[in-house]
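Shown next, in structure tokens, is the structure this report addresses.
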Amino acid sequence: MPQLPQTMSKNLLRHITLFGLGVYLLALAAVSVAFRSHALQAKWMLWGLGEVLLFFLSIAIFYPRWKSDDPKVFRRKVFFVALALRAVYAFLMCYYYYYQTGLPFEYGAADSLGYHREAAFLSRCVREGDIPYVFRYLFATTMGFSDQGYVFWLTLVYTLFGRNILTPRIFKALMGAYLCLVVHKLGSRTFGERTGRLAAVMCVFMPIFIQICGLHTKEMEMIFLSILALERFDYLIRSKRYTFWNILCPILLTGLSFGFRTIIGMCLIFAFFVFIVASPAHLVGKKGKIVGVAAIVLLFFVFLFTPVGYEMRYIYRLKFTDLDYQAKKYEAEGMKYAELANSFILAPGAFVLPLSPMVETSPDHNKMIHGSTYVKNFVAFFAMLAIVVAFRQKKWRDFSLIGAYELSYLAIIMFSFAANSERYHEPAIPLILLMSAYAMTHLRRKDLTLFYVYCGLLFAALFAWNWLKLAARGLA
């Protein structure tokens, strides 16, 4: 086996991407042949192949070309290419979905259609001057504070720009493009410029980040808020510029994140706490740690004794008490092997799950994005390896902010009703890409051996998972 270079070479990146393509094609072919009566339709295969090709070929082509650019030129390329991909996709998918479903919404639209209808109604109330009713409606009909943020945001957009469904999706495209720059900043400060640039390029071409810009769900907004909050807090600590705005910004972003998903705000506060405690002395001295910890504890209690606090306590009770939720759900639906859905069994696959569905029993939307799901399954290896690399290089203190957020979020998700939900795993993907970029740019020869083993295990897991989906329904 050849020696690995000290930098991320074009040949090494091409080697990884070829394996990524190869494992996908082999798994799809094996599943389709073995379960031919339940194989994916051609259109779903084309979607998946396009998603996988977009990611692997694009990073193999563009990262070597962009990695040596002037910083301003690099950021400009990243932003405008990302924006173009997302905006064009959002525009075209309005017509695609309308042709496929009769509505400009995704297959099996439920939450997204509800968000749109509520926001359209409330924006009409605002234009008629009945603003107090908007707040009464939000508090009376939503499930809590974490269910109000996105409807409020859509209402604001519809009020200012009209009830055109494309407008909020263009905003998502703008957020998605800027997210790539945020990941670059966070990655560069934490792991170095090479890692930051590779992570940014991976974000630009990550298919799921493009696809959620064509949906009316809230994932892009919550991803944007959470990663920006982490980046701003990281900047605050590393720059030591403790101005009013620099301090307020991560607090404000954390507060807004509670309006989209409670556990994201909780994990942000936890990550801030860990980063201050674990930071080396040259970043945060003893007095700074005392003041920082006290401030974060105070912030936690401020949130705790607001309506957000009720949801935080509810989440704490709910997430860790019913570890058999998924198993009971599948058992109630009459599925075999339901006991395998226990949280303790699923938890080790936190970075990898959910596995890519390659049979027709899955919902149409999941089949359409199965290539995007596979990309996440594949790069998850490097995200897990990044934890080893961080300790190996004695950079775990630098890694503590990212690691604390990612591990706490995934832990809560895995021990909840959403352990195998693709939507609930999406907020973890930006940091999975950043961690993957860190591992890729610091690979050792022995690491490639583990990579080859993982490719084999991933192939076997994809085949077993799709067999299980059929067998549980008595179809295999």
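If you read the sequence from its start, that first residue is 1, and numbering goes on from there.
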- Query: Mind checking whether Phe62 and Trp66 have parallel, tilted or perpendicular rings, split at 30° and 60°?
  - Reply: tilted
- Item | Any side-chain heavy-atom pair of Thr190 and Leu434 under 4.5 Å | no
- Query: Can you tell me if Arg169 uses its side chain to pair, donor with acceptor, with the backbone of Cys213 under 3.5 Å?
  - Reply: no
- Mind checking the NE2-CD1 spacing from His116 to Ile165? Nearest 0.5 Å is all I need. 6.5 Å
- Query: Can Asn164 and Thr167 be counted as having a side-chain donor-acceptor contact under 3.5 angstrom?
  - Reply: no
- Are Arg261 and Glu219 close enough for a salt bridge, meaning some N to O gap below 4.0 Å? yes
- Give a yes or no answer on whether the side chain of Glu51 reaches the backbone of Ser372 with a donor-acceptor pair at less than 3.5 Å. yes
- Task: Tell me yes or no: between the side chains of Tyr150 and His216, is some donor less than 3.5 Å from an acceptor?
- Result: no
- Task: Flag the pair Tyr438 / Ile402 as yes when at least one side-chain heavy-atom distance between them is below 4.5 Å, and no otherwise.
- Result: no
- Message: Using side-chain heavy atoms (C-beta onward) and a distance below 4.5 Å, is Tyr178 in contact with Leu174?
- Response: no
- Note on the structure: dist Glu106:CD -> Ile369:CD1 (nearest 0.5 Å) comes out at 10.0 Å
- Message: Between Val204 and Ile59, is the side-chain contact (heavy atoms from CB on, under 4.5 Å) condition met? List the steps.
- Response: CA-CA 9 Å; Val204 170; Ile59 63 171; over 6 Å; no
- Message: Side chains of Leu57 and Thr17, heavy atoms from C-beta outward: is any pair under 4.5 Å?
- Response: no
- Output the distance between atom SG (Cys267) and atom CD (Glu406), rounded to the nearest 0.5 Å. 9.5 Å
- Task: Test the Arg189-Phe233 pair against the cation-pi criterion, namely NZ or CZ under 6.0 angstrom from the six-membered ring centroid and within 45° of the ring axis.
- Result: no
- Item | Check: Ile212 main-chain N/O paired with Lys172 side-chain donor or acceptor under 3.5 Å | no
- Task: May I ask you to decide if His184's main-chain N or O and Arg75's side chain share a donor-acceptor pair within less than 3.5 Å?
- Result: no
- Non-hydrogen atoms of Arg232 and Cys249 that approach each other most closely: CG-SG, 3.7 Å
- Residue pair Leu236 / Ile247, side-chain heavy-atom distance below 4.5 Å: yes
- Would you mind reporting whether Thr217 and Phe105 have side-chain heavy atoms less than 4.5 Å apart? no
- Tyr96 vs Tyr107 aromatic rings, parallel, tilted or perpendicular, using cut-offs 30° and 60°? perpendicular
- Message: Quick one about Thr441 and Thr195 (side-chain donor to acceptor, distance below 3.5 Å, no hydrogens or angles considered), yes or no?
- Response: yes
- Task: Taking the side chain as every heavy atom from C-beta outward, state whether Asp234 and Phe275 have any pair of such atoms under 4.5 Å apart.
- Result: yes
- Message: Check for me whether the distance between the ring centres of Phe378 and Phe56 falls short of 6.0 Å.
- Response: yes
- Query: Okay, side chain of Arg127, backbone of Thr159: is any donor-acceptor separation there less than 3.5 Å?
  - Reply: yes
- Message: Quick one, Leu54 with Val375, criterion side-chain contact (heavy atoms from CB on, under 4.5 Å). Give me CA distance, side-chain angles, the key distance, then yes/no.
- Response: CA-CA 10 Å; Leu54 170 69; Val375 170; over 6 Å; no
- Could you go step by step and tell me if Ile170 and Phe161 meet the side-chain contact (heavy atoms from CB on, under 4.5 Å) rule? CA-CA 12 Å; Ile170 294 300; Phe161 302 99; over 6 Å; no
- Message: Just checking Phe171 against Trp153, ring centres under 6.0 Å apart?
- Response: yes
- Message: Phe451 vs Phe382, test: ring-ring contact (aromatic ring centres under 6.0 Å, His included). Steps then yes/no.
- Response: CA-CA 8 Å; Phe451 169 65; Phe382 295 101; 5.3 Å; yes
- Query: Does the side chain of Thr373 pick up a donor-acceptor pair with the side chain of Glu422 at under 3.5 Å?
  - Reply: no
- Message: Measuring from atom NZ of Lys289 to atom CD1 of Ile296, what distance do you get when rounded to the nearest 0.5 angstrom?
- Response: 12.0 Å
- In Å and rounded to the nearest 0.5 Å, what is the CZ to CG distance from Phe209 to Leu433? 5.5 Å
- Message: I'd like to know if the side chain of Tyr89 and the backbone of Ile210 have a donor-acceptor N/O pair within less than 3.5 Å.
- Response: no
- Taking the six-membered ring for Trp and the full ring for Phe, Tyr or His, determine whether the centres of Phe19 and His15 are under 6.0 Å apart. yes
- Task: Check for a donor-acceptor pair, side chain of Lys395 on one end and backbone N or O of Ala390 on the other, with a separation under 3.5 Å.
- Result: no
- Task: May I ask you to decide if the ring planes of Phe391 and Trp396 are parallel, tilted or perpendicular, using 30° and 60° as cut-offs?
- Result: parallel
- Query: Just by distance, do the side chain of Arg197 and the backbone of Glu193 share a donor-acceptor pair under 3.5 Å?
  - Reply: no
- Task: Supply the atom-to-atom distance Met222 CE to Ile264 CD1, rounded to the nearest 0.5 angstrom.
- Result: 5.0 Å
- Item | CA sep, side-chain torsions, deciding dist, call: Phe205, Leu85, side-chain contact (heavy atoms from CB on, under 4.5 Å) | CA-CA 8 Å; Phe205 299 107; Leu85 286 171; 3.8 Å; yes
- Above 12 or not: heavy atoms from other molecules or residues under 6.0 Å from CZ of Arg397? yes
- Message: Under a plain distance cut-off of 3.5 Å, with no hydrogens placed, do Tyr133 and Glu128 share a side-chain donor-acceptor pair?
- Response: no
- For the residue pair Asn377 and Ser356, what are the closest heavy atoms and their distance? OD1-N, 3.1 Å
- Message: If you define the side chain from C-beta out and look only at heavy atoms, does anything of Lys376 sit under 4.5 Å from Glu426?
- Response: no
- With no hydrogens and no angle check, is any side-chain donor or acceptor of Ser226 less than 3.5 Å from a backbone partner on Ile223? yes
- CZ (Arg392) with more than 12 external heavy atoms under 6.0 Å: yes
- Query: Between Phe121 and Arg124, is there a cation-pi geometry (under 6.0 Å to ring centre, at most 45° from the normal)?
  - Reply: no
